[in-house]
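One structure is given below, encoded as structure tokens.
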Amino acid sequence: METLLFLGGGVLVGYLFRKRASLQEKVEKGISVMIWVLLFFLGISIGANQEVIESIHIIGWKAFILTIGGIAGSIACSYLVYLKFFKS
Amino acid sequence: MKGTLITLAFFVGGCILSLLGITPDFFIENDLSTYALYILMALVGVSLGLDESSIDILKKANLGLVLVPVSIGFGSIIGAGLAYTLIAESFREGMAVGAGFGYYSLSSIYISNTYDTTLGVIALLSNISRELLTLLITPILVKRFGKMSPIASAGATSMDTTLPVITQFSGKEYALVSLFSGIVLTIMVPILLPIIL
């Protein structure tokens, strides 16, 4: 939950500096770098986690089920919006 | 695509180093990733605050347009939750993975750092395959379920990686819808995940 404080604080700081357009590029570069660092860390903890390594086929299958569920659910719900507001 | 590959290379690189047993204990003993997550969240916030174009695009919003990302987000979260319940897993964990909306880096990082590493990996695989699957099946989706369906399937990625294929098959008139939906869903990922988990 405390991550929301960081997110909200960031939005505030960004809003205060919104006239400095040159900042956006630097911030986005910073986001990419932090994502690389964190995924590298995640990779390290996965490699050290026997449980994950041994059950990778089960994990892959679960992930696939979730993908299908998420896609199907979002298509179904947005189809109602499509019929009501978009389809001509 | 190139960006995705570089990002994945860091993950795979970490896995390989760790499997070979050549990572310094320093990384594992110190909880650096929590601080890195805080920095990342703050930067994501700054980038949102700086971005006046996302405020401009919101001004164009009407009810129909706003309901697009709302319905997609709701359907994705509930759909993933239900699917996970069907295979006898936790509804809430399913909802959390579904709330990644294809934004695989942030969602997997958040889940693995604040909740559970295994679920983080599931979120990584699931949300990457959402992006890849959308790129593959967009022509079929448009034929079967109409022009909105690839935008739904794409989730947060409809603002960048899947935008070209969506405009190609749904038509240019859906480009703005696609951008708007992707932007809103991207903003919602770091807000919804802490609420769900």
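None of these values were measured; they are calculated from a predicted model. Reminder, nothing fancy here: chain letters follow the sequence lines and each chain counts from 1.
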Which portion of [X] sits near chain B, non-hydrogen atoms under 4.5 angstrom:
X: A:Ile53; value: side chain
X: A:Ile68; value: side chain
X: A:Phe17; value: both
X: A:Phe6; value: both

Residue from B:Ile191, B:Leu133, B:Thr118, B:Ile109 scoring the most non-hydrogen pairs under 4.5 Å with chain A is B:Ile109

*Using a cut-off of under 4.5 Å on heavy-atom pairs, state which of B:Leu106, B:Leu43, B:Leu63 scores highest against chain A.*
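If we count pairs closer than 4.5 Å to chain A, B:Leu43 comes out on top.
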
All heavy atoms of B:Leu185 vs all of B:Pro69, minimum pair found to be CD2-O, 3.5 Å

Check your understanding: What pair of heavy atoms forms the shortest contact from B:Ile166 to B:Ala154, and how long is it?
Key ->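 Heavy atoms only, the tightest pair is CD1-CB, 3.9 Å.
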
B:Ser129 and A:Thr67: side-chain donor and acceptor closer than 3.5 Å?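 B:Ser129 vs A:Thr67: donor-acceptor pair found between side chains.
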
Hey, which of [options] has the most heavy atom pairs under 4.5 Å with chain B?
options: A:Leu80, A:Val13, A:Ile59; value: A:Ile59
options: A:Tyr79, A:Tyr82, A:Trp36; value: A:Trp36
options: A:Leu38, A:Val27, A:Leu23; value: A:Leu38
options: A:Ile65, A:Leu16, A:Val33; value: A:Ile65
options: A:Ala72, A:Gly30, A:Gly69, A:Gly43; value: A:Gly43
options: A:Cys77, A:Gly70, A:Gly9, A:Ser78; value: A:Gly70

Calculate, to the nearest 0.5 Å, the distance between atoms [atom1] and [atom2] belonging to [X] and [Y] respectively.
X: B:Asp51; Y: B:Ile187; atom1: CG; atom2: CD1; result: 8.0 Å
X: A:Ile71; Y: B:Thr134; atom1: CD1; atom2: OG1; result: 4.5 Å
X: B:Ser170; Y: B:Ile151; atom1: OG; atom2: CD1; result: 5.5 Å
X: A:Ile75; Y: B:Met148; atom1: CD1; atom2: CE; result: 11.5 Å

Residues in salt bridge (charged side-chain N to carboxylate O under 4.0 Å, His left out) with A:Lys19, at least two apart?
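Partners of A:Lys19 under the salt bridge (charged side-chain N to carboxylate O under 4.0 Å, His left out) test: B:Glu52.
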
Margin query: Are more than 12 heavy atoms, taken from residues, nucleotides or ligands other than A:Glu25, located less than 6.0 Å from that residue's CD atom?
Written below: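 It does not: A:Glu25 CD has 12 such atoms or fewer within range.
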
Quiz item: For A:Phe64, does the CZ atom sit with more than 12 other heavy atoms under 6.0 Å from it, leaving out its own atoms?
Solution: no

What part of [X] gets closer than 4.5 Å to chain A, counting heavy atoms only: side chain, backbone, both or neither?
X: B:Leu141; value: side chain
X: B:Leu124; value: side chain
X: B:Leu20; value: neither
X: B:Tyr174; value: side chain

Among residues 10-17 of chain B, those lying within the under-4.5 Å heavy-atom range of chain A are B:Phe10, B:Phe11, B:Gly13, B:Gly14, B:Cys15, B:Leu17

ask   = Applying the 4.5 Å side-chain criterion to the ILVMFWY set and letting contacts propagate, would B:Phe180 and B:Leu48 be lumped into a single cluster?
value =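 Yes, because B:Phe180 and B:Leu48 connect within a single hydrophobic cluster, where side-chain heavy atoms sit under 4.5 Å apart.
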
Hits for side-chain hydrogen bond (donor to acceptor under 3.5 Å, both in side chains) against B:Ser149, two or more places apart or cross-chain, chain-then-number order -> none

Taking side chain to side chain contact (heavy atoms under 4.5 Å, CB included) as the criterion, tell me which of B:Leu192, B:Asn127, B:Thr186 meets it with B:Phe101.
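Result: among B:Leu192, B:Asn127, B:Thr186, B:Leu192 is the only option passing the side chain to side chain contact (heavy atoms under 4.5 Å, CB included) with B:Phe101.
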
Anything under 3.5 Å between a donor and an acceptor, one on a side chain of residues 72-99 of chain B, the other on a protein residue two or more places apart or in another chain? List them.
| from | atom 1 | to | atom 2 | distance (Å) |
| --- | --- | --- | --- | --- |
| B:Ser76 | OG | B:Gly98 | O | 2.8 |
| B:Ser76 | OG | B:Arg130 | NH1 | 2.8 |
| B:Thr85 | OG1 | B:Gly81 | O | 2.7 |
| B:Glu89 | OE2 | A:Lys62 | NZ | 3.1 |
| B:Ser90 | OG | B:Arg92 | N | 3.2 |
| B:Ser90 | OG | B:Glu93 | N | 2.9 |
| B:Arg92 | NH1 | B:Ile196 | O | 3.4 |
| B:Glu93 | OE2 | B:Tyr115 | OH | 2.8 |

